[in-house]
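Before any comments, here is the structure.
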Amino acid sequence: FMDKLERLIEIIENKKLSARYCDEDIQYLELKNLKKVVIPMKCFCDINFHKLDSHLKCYGGYGIALSKEWGIKNKIQPVQYIVKSSETASMYKSAFEEAIGKKGASSLKNYLPMQLMYMKPVVGKFKNRTDENETVKYFTDECEWRFIPDLTVLKLPQIIVDQSAIESKIYYKYNNAIKNNDIASLSFEYKDIKYIVVDKSEDFDKLIECVKGLQVEERIKYQLISKIIIWEESRRDF
């Protein structure tokens with residue numbers, strides 16, 4: 001989901017979803033000198049339509065739903081939700097700090113940062129995209145899955161841990177570099193789309209014009225149009 005129709009139209013025209021570097025608050029793990037990390041990712045939710053209204057209020061009223069088969073084929077991975085006071089969090093912290101303290105490369109040093117990229121607290125603070133208000137949110141409600149591309153082949157950082165670099169938002173420049181890059185993106189076919197969600201009826205009209213201009217068979221255009229849901233009109237049906 002996103003907060004601008006233009007972004008949705010771009011995704012549909014390009015048949016591509018690009019990862020972006022996103023900051024993640026990891027204070028729940030209580031790792032030494034690490035409050036945040038920045039990870040390249042594209043996030044998805046695996047929720048039913050009756051839970052969608054509150055999700056849209058956080059992330060924006062425009063979205064594209066793709067089949068789970070497509071997601072699994074593209075190796076998109078569910079995140080692991082962590083309770084701050086759990087044994088899992090405690091053991092991860094111990095293993096992480098032990099690995100950092102050892103000299104030289106090791107499989108553990110490779111595995112632990114990778115695992116961190118697929119971890120999220122059960123509950124935490126969240127700033128809504130739609131109104132910039134900060135709320136306390138149960139992230140488990142989102143059933144999040146992540147696509148995390150290997151950007152080392154592009155000579156870009158796979159994970160940013162330098163706290164000063166994170167605070168200065170220096171990673172924003174990397175997002176321009178990876179936008180629509182094949183290595184940093186997921187491609188799809190129109191048959192993979194299950195639903196397209198727009199906020200209002202006027203958005204529907206603009207999206208129709210986009211679909212009409214696609215260089216595809218007429219039957220595919222009609223199929224895409226049939227998948228559009230106007231949330232303002234349909235929200236009471238779910």
Side-chain angles (χ1 to χ4, degrees), residues 1-3 18-45 55 57-60 76-152 154-179 184:
F1 287 90
M2 58 215 75
D3 57 1
S18 296
R20 289 178 59 82
Y21 280 91
C22 302
D23 64 274
E24 287 283 298
D25 189 333
I26 60 166
Q27 292 184 78
Y28 67 98
L29 290 171
E30 299 179 343
L31 300 177
K32 191 179 298 182
N33 300 323
L34 283 181
K35 294 182 178 180
K36 288 184 177 181
V37 294
V38 171
I39 305 162
M41 67 175 85
K42 176 59 67 177
C43 301
F44 301 82
C45 63
H55 197 77
K57 289 173 183 175
C58 290
Y59 292 98
I76 302 171
Q77 175 71 29
V79 303
Q80 180 183 13
Y81 291 101
I82 305 295
V83 174
K84 180 179 178 179
S85 59
S86 68
E87 189 69 16
T88 300
S90 177
M91 291 182 70
Y92 183 86
K93 177 186 177 183
S94 297
F96 190 93
E97 293 180 350
E98 180 181 334
I100 293 297
K102 289 184 177 180
K103 294 181 180 180
S106 71
S107 58
L108 196 59
K109 281 188 175 182
N110 291 332
Y111 172 75
L112 290 169
M114 186 275 292
Q115 179 66 17
L116 180 61
M117 290 189 275
Y118 291 98
M119 291 169 65
K120 194 155 188 170
V122 167
V123 61
K125 292 181 180 179
F126 177 82
K127 184 179 285 187
N128 288 356
R129 284 183 192 167
T130 54
D131 57 18
E132 292 295 307
N133 287 330
E134 190 172 77
T135 58
V136 174
K137 184 175 178 62
Y138 277 89
F139 295 116
T140 46
D141 293 342
E142 299 176 349
C143 300
E144 183 181 338
W145 294 45
R146 287 180 181 174
F147 162 66
I148 299 178
D150 180 4
L151 297 187
T152 58
L154 299 177
K155 298 184 179 178
L156 291 171
Q158 188 62 24
I159 182 169
I160 301 172
V161 298
D162 185 307
Q163 300 302 287
S164 61
I166 293 171
E167 290 301 318
S168 65
K169 309 293 184 185
I170 195 171
Y171 57 90
Y172 281 7
K173 67 180 182 181
Y174 297 136
N175 286 331
N176 294 327
I178 64 176
K179 185 177 180 181

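Since we're looking at a predicted model, the values are computed, not measured. Positions are given from 1 along the sequence.
- Between K93 and L31, the shortest heavy-atom contact is CA-CD2, 3.8 Å.
- For residues 19-43, the set of pairs meeting the ring pair (Phe, Tyr, Trp, His ring centres under 6.0 Å) definition, not counting sequence neighbours, comprises Y21-Y174.
- Ring geometry for F1 against H55 counts as perpendicular: the plane angle is over 60°, on a 0 to 90° scale with 30° as the lower cut.
- Side-chain contact between V83 and T88 is absent, with no heavy atoms from C-beta onward closer than 4.5 Å.
- Counting all heavy atoms, side chain and backbone alike, Q158 lies closest to L151 at OE1-N, 2.8 Å.
- Rounding to the nearest 0.5 Å gives a distance of 12.0 Å between CD1 of I26 and CE of M117.
- Partners of K36 according to the salt bridge (charged side-chain N to carboxylate O under 4.0 Å, His left out) rule, which considers only residues two or more places apart in sequence or in another chain, are D23.
- Between L34 and F96, some side-chain heavy-atom pair lies under the 4.5 Å cut-off.
- Between N33 and Q163 there is no side-chain heavy-atom pair separated by less than 4.5 Å.
- With sequence neighbours excluded, the residues satisfying salt bridge (charged side-chain N to carboxylate O under 4.0 Å, His left out) with E98 are K102.
- Closest non-hydrogen pair, K84 versus A89, comes out as O-CB, 3.5 Å.
- Of all non-hydrogen atoms in Y92 and P113, the two that sit nearest each other are OH-N, 4.2 Å.
- Counted within 6.0 Å of NZ on K125, heavy atoms from surrounding residues, nucleotides or ligands total 12 or fewer; the atom is thus considered open.
- For the atom pair CE (M41) and CZ (F147), the distance works out to 12.0 Å, reported to the nearest 0.5 Å.
- One finds the CD atom of Q77 at 11.0 Å from the CZ atom of R146 (value rounded to the nearest 0.5 Å).
- To the nearest 0.5 Å, atom NZ of residue K173 and atom CD1 of residue I178 are 13.5 Å apart.
- Residues S18 and K179 come closest through the heavy atom pair OG-C, 3.8 Å.
- Among all heavy-atom pairs drawn from A95 and L112, the shortest one is O-CD1, 3.4 Å.
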Derivation and outcome, side chain to side chain contact (heavy atoms under 4.5 Å, CB included), residues E97 and K32: CA-CA 8 Å; E97 293 180 350; K32 191 179 298 182; 3.9 Å; yes
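- Sorted by first and then second residue, the side chain to side chain donor-acceptor pair (under 3.5 Å) pairs involving residues 115-124 (not counting sequence neighbours) are Q80-Q115, Y111-Q115, K120-E144.
- Atom CG of N175 and atom SG of C22 lie 7.0 Å apart (nearest 0.5 Å).
- Counted within 6.0 Å of NZ on K42, heavy atoms from surrounding residues, nucleotides or ligands total more than 12; the atom is thus considered enclosed.
- Not counting sequence neighbours, K35 has no partner by the salt bridge (charged side-chain N to carboxylate O under 4.0 Å, His left out) test.
- Summarising the geometry, atom CD belonging to E30 is positioned 10.0 Å from atom OG belonging to S85; distances are rounded to the nearest 0.5 Å.
- For K137, the salt bridge (charged side-chain N to carboxylate O under 4.0 Å, His left out) partners are E142, not counting sequence neighbours.
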